[in-house]
Amino acid sequence: MAQFDKSLLWFRRDLRCSDHAALHQALKTSRQVYCVFIFDQAILQALPRADRRVEFIHAAIDELAAGLAEMGGALIVRHAFAEQEIPRLAAELGVEAVFANHDYEPAAIARDRNVELGLRTAGIAFLSFKDQVIFEKSEVLSLSGTPFSIFTPYKNAWLKKLAARNDGDDDLQPWLVEPWAANLAPADAHTASRPTLAELGFDKTNLDALAIPTGMSGAASLLDQFSARIGRYAETRNFPAVQGPSCLSVHLRFGTISIRSLARLAYDAMRSGSGGGDGAAVWLSELIWRDFYFMILFHHPHVTERAFKPAYDRIEWEAGPAADELFRAWCEARTGYPLVDAAMLQLNQTGYMHNRLRMVTACFLIKDLGIDWRWGERYFAEKLNDYDLAANNGGWQWAASSGCDAQPYFRIFNPVSQSEKFDADGVFIRRYLPQLAGLSAKEIHAPWLVGGTAYPAPIVVHEEARRLTLERYAVVKNPG
């Protein structure tokens with residue numbers, strides 16, 4: 001028997017109509033379920049007029065609406081402030097409950113709290129469910145009952161918990177939607193139209209030209225492709241000129257694919273013992289890092305503004321006009337270090353950056369240029385298609401040595417040796433820096449030693465920058 005006569009499902013960062021925790025719960029417990037997505041003005045007003053993420057979401061919403069229509073349902077789409085629109089729409093539809101999936105970012109938690117208060121005033125329940133992670137909040141704790149701050153023991157506890165719960169089946173099973181699809185509310189006047197990209201105030205980007213697959217179908221296609229090469233992931237993941245990564249990060253960010261389906265693929269391949277187990281195990285570790293950073297953000301929201309380790313807030317970063325120019329050179333790919341500049345051009349032109357290069361460019365900004373890690377974090381937040389606060393913050397604090405389980409402060413990547421190791425033939429560099437195409441594989445990593453090109457000279461000398469960084473970080477080693 002249905003617990004609610006009518007309910008409203010609020011899509012957020014879960015833009016799919018299968019394996020969806022909140023939609024599953026809403027359909028099982030309600031006679032009729034309306035579905036809504038809000039292009040939240042509180043978020044959109046802070047973005048540039050041309051933003052690939054908005055265009056990606058817009059395409060995903062079109063496919064989500066089509067998917068719901070195939071099951072007999074419909075999608076209401078609004079351009080409004082979510083805090084106001086959800087209680088208003090819920091009252092207009094006469095629903096008894098609003099269903100959604102958990103969001104762990106501080107601003108989202110505050111938004112949901114305000115929405116819940118607005119709904120409660122009208123006698124409407126707000127029900128939220130775990131969906132975008134395998135384990136959340138305090139589900140994986142140390143033996144002392146406290147949150148982990150080191151990844152490896154967290155990972156071991158995560159895997160142990162998964163195996164203990166029916167060998168992972170309980171936590172990796174999909175939240176089915178189709179058996180209760182008849183409870184979806186059909187199309188009506190509320191679902192008659194959806195705002196265009198222009199009506200939202202945004203321009204087209206180069207998303208189509210980049211051939212970035214969007215929506216649920218795009219995610220499924222990428223997963224099919226990656227499944228065939230997951231066994232080679234451990235060997236290929238660090239080389240930006242090779243198709244090693246899954247390229248699913250933007251789909252995980254906006255929920256056009258379920259984290260359970262990805263973790264299930266990796267876990268089953270890892271346990272099978274057949275070819276591909278090693279690659280699957282390494283990829284599963286990357287998915288566990290994602291859970292780890294969500295857990296850190298939930299328990300330590302101060303990381304959005306300050307160092308996870310308070311001692312690192314004593315570091316004095318470069319400041320003034322000289323620092324501003326160094327930062328601009330980094331943003332504009334004018335550092336004189338080919339791998340760094342090629343990576344920044346990849347980010348600026350496509351909204352994507354290979355994970356190895358995220359580490360290299362972050363370390364260069366922080367430890368070669370002496371720039372506050374928060375500057376780089378904000379720049380990535382503006383540019384990355386797959387920007388996710390928890391992972392982006394975790395990655396930048398890792399590079400700055402100020403985060404949980406971060407690299408030691410004295411570990412400073414050499415941008416030339418990183419280039420020689422991970423792009424030995426210069427294939428990736430040539431893709432984004434054609435002015436260096438005439439250099440040999442040996443010369444291309446340090447073109448200033450050759451001369452004769454229009455490429456800029458290095459803006460810093462790495463060996464000198466390393467010495468200054470060790471002096472800068474001395475306040476951490478010697479807090480007195």
Enquirer: Taking side chain as C-beta onward, heavy atoms only, is Phe422 less than 4.5 Å from Val360?
Expert: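 Sidechains of Val360 and Phe422: no contact.
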Enquirer: Flag the pair Arg466 and Asp368 as a salt bridge only when some basic side-chain nitrogen lies within less than 4.0 angstrom of an acidic carboxylate oxygen.
Expert: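 Here Arg466 does not pair with Asp368 in a salt bridge, since their nearest N and O are not under 4.0 Å apart.
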Enquirer: Roughly how far apart are Leu384 CG and Ser249 OG, rounded to 0.5 Å?
Expert: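 So the CG of Leu384 and the OG of Ser249 are separated by 8.5 Å.
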Enquirer: Taking all atoms of both residues into account, what is the closest heavy-atom pair of Tyr233 and Pro245, and its distance?
Expert: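 Where Tyr233 meets Pro245 most closely, the heavy atoms are CE1-CA, 4.1 Å.
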Enquirer: Looking only at heavy atoms, which two atoms of Leu389 and Pro106 are closest? And how far apart?
Expert: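 Answer, listing the atom of Leu389 first, then Pro106: CD2-CD, 4.1 Å.
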Enquirer: Restricting to non-hydrogen atoms, name the atom on Cys35 and the atom on Leu23 that form the minimum distance, rounded to 0.1 Å.
Expert: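 Closest heavy-atom pair between Cys35 and Leu23: SG-CD1, 4.3 Å.
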Enquirer: Glu136 and Tyr104: side-chain donor and acceptor closer than 3.5 Å?
Expert: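 A pair is found: one side chain offers a donor N or O, the other an acceptor, under 3.5 Å apart.
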Enquirer: Between Asp131 and Arg16 (salt bridge meaning N to carboxylate O under 4.0 Å), is one present in this structure?
Expert: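 Judged by the 4.0 Å cut-off on N to carboxylate O distance, Asp131 and Arg16 do form a salt bridge.
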Enquirer: If every non-hydrogen atom of Ser142 is compared with every non-hydrogen atom of Ser144, which pair is closest and at what distance?
Expert: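 Ser142 and Ser144 have their closest heavy atoms at OG-OG, 2.9 Å.
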Enquirer: Can a salt bridge be assigned to the pair Lys130 and Glu139 using a cut-off of 4.0 Å between side-chain N and carboxylate O?
Expert: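 Salt bridge present between Lys130 and Glu139.
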Enquirer: Among Trp330, Phe327, Tyr337, which one satisfies ring pair (Phe, Tyr, Trp, His ring centres under 6.0 Å) with Phe364?
Expert: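 Considering Trp330, Phe327, Tyr337, a ring pair (Phe, Tyr, Trp, His ring centres under 6.0 Å) with Phe364 is found only for Tyr337.
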Enquirer: Before accepting this row, confirm whether a basic side-chain N of the pair Asp62/Arg194 lies closer than 4.0 Å to the acidic partner's carboxylate O.
Expert: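 Looking at Asp62 and Arg194, the cut-off is met.
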Enquirer: Between Lys442 and Asp425 (salt bridge meaning N to carboxylate O under 4.0 Å), is one present in this structure?
Expert: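 Answer for the salt bridge query: no.
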Enquirer: Which residue in the set Phe148, Trp398, Phe135, Phe151 passes ring pair (Phe, Tyr, Trp, His ring centres under 6.0 Å) when paired with Phe292?
Expert: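 By the ring pair (Phe, Tyr, Trp, His ring centres under 6.0 Å) criterion, Phe292 pairs with just one of Phe148, Trp398, Phe135, Phe151: Phe151.
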Enquirer: For Glu63 and Ser217, which I'm curious about, is there any donor-acceptor pair between the side chains at under 3.5 Å?
Expert: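 Side-chain D/A pair, Glu63 to Ser217: present.
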Enquirer: Compare all side-chain heavy atoms of Met353 with those of Met344 and state whether any distance is below 4.5 angstrom.
Expert: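 Met353 reaches Met344 side chain to side chain.
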Enquirer: Can you tell me if CD on Glu443 sees more than 12 non-hydrogen neighbours from other groups inside 6.0 Å?
Expert: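 Counting other residues, nucleotides and ligands, CD of Glu443 exceeds 12 neighbours.
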Enquirer: Under the criterion salt bridge (charged side-chain N to carboxylate O under 4.0 Å, His left out), which of Arg358, Arg53, Arg52 is the partner of Asp386?
Expert: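 Considering Arg358, Arg53, Arg52, a salt bridge (charged side-chain N to carboxylate O under 4.0 Å, His left out) with Asp386 is found only for Arg358.
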Enquirer: Please lay out, stage by stage, how Asn393 and Glu377 fare under the test side chain to side chain donor-acceptor pair (under 3.5 Å).
Expert: CA-CA 7 Å; Asn393 180 271; Glu377 182 195 24; 2.9 Å; yes
Enquirer: Between Asp388 and Tyr293, is there a side-chain donor-acceptor contact under 3.5 Å, judged purely by atom types and distance?
Expert: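 Distance-only check fails for Tyr293 and Asp388.
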Enquirer: Can we call the ring centroids of Tyr379 and Trp375 under 6.0 Å apart?
Expert: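 Ring-ring flag for Tyr379/Trp375: false, centres at least 6.0 Å apart.
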Enquirer: If I compare all heavy atoms of Ser419 with all of Ile429, which pair ends up nearest, and what's the gap?
Expert: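 The pair with the smallest heavy-atom distance is OG-CD1, 3.3 Å.
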Enquirer: Determine the minimum heavy-atom distance between Cys17 and Met216, stating which atoms define it.
Expert: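 Closest approach of Cys17 to Met216: N-SD, 3.4 Å.
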Enquirer: Between Ser138 and His299, is a side chain to side chain donor-acceptor pair (under 3.5 Å) present by the stated rule, with each step listed?
Expert: CA-CA 9 Å; Ser138 299; His299 285 289; 3.2 Å; yes
Enquirer: Would you mind checking if Arg13 and Glu105 are paired as a salt bridge, meaning a charged N to carboxylate O distance below 4.0 Å?
Expert: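 Salt bridge between Glu105 and Arg13, a charged N being under 4.0 Å from a carboxylate O: yes.
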Enquirer: Any donor-acceptor pair under 3.5 Å linking the side-chain atoms of Gln173 with those of Arg260?
Expert: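 Side chains of Arg260 and Gln173: no pair found under 3.5 Å.
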Enquirer: Could you measure the distance from the CD1 atom of Ile212 to the SG atom of Cys247? Nearest 0.5 Å is fine.
Expert: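 Answer for the CD1-SG pair, Ile212 versus Cys247, is 9.5 Å.
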Enquirer: If you apply the rule salt bridge (Lys or Arg N to Asp or Glu O under 4.0 Å), what do you find for Arg12 with Asp103, and how did you get there?
Expert: CA-CA 9 Å; Arg12 289 107 71 89; Asp103 197 326; 5.3 Å; no
Enquirer: Answer yes or no: is there an ion pair linking Lys309 with Asp313, defined by an N-O contact shorter than 4.0 Å?
Expert: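 Asp313 and Lys309: not salt-bridged.
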Enquirer: Aromatic contact between Phe294 and His102, with the criterion being ring centroids under 6.0 Å apart: yes or no?
Expert: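 Between Phe294 and His102, the centre distance exceeds or equals 6.0 Å.
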Enquirer: Ring centroids only, cut at 6.0 angstrom: are Phe129 and Trp175 within range, meaning strictly under it?
Expert: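 So the answer is no for these two rings.
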Enquirer: Decide whether Ser401 and Gln407 meet the rule of one side-chain donor and one side-chain acceptor closer than 3.5 Å.
Expert: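 Side chains of Ser401 and Gln407: no pair found under 3.5 Å.
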Enquirer: Can you confirm if the aromatic rings of Trp396 and Phe380 lie within a centre distance of less than 6.0 Å?
Expert: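 Distance test on ring centres: under 6.0 Å, yes.
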Enquirer: Donor-acceptor check, side chain of Glu55 to backbone of Lys204, threshold 3.5 angstrom: yes or no?
Expert: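 Side chain of Glu55 to backbone of Lys204, a donor-acceptor pair under 3.5 Å: no, none is there.
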Enquirer: Is the backbone of Gly426 close enough, under 3.5 Å, to the side chain of His445 for a donor and an acceptor to pair up by distance?
Expert: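 Looks like no, no N/O pair under 3.5 Å.
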Enquirer: Stepwise, does the side chain to side chain donor-acceptor pair (under 3.5 Å) test hold for Ser221 with Gln225?
Expert: CA-CA 6 Å; Ser221 175; Gln225 295 172 39; 3.3 Å; yes
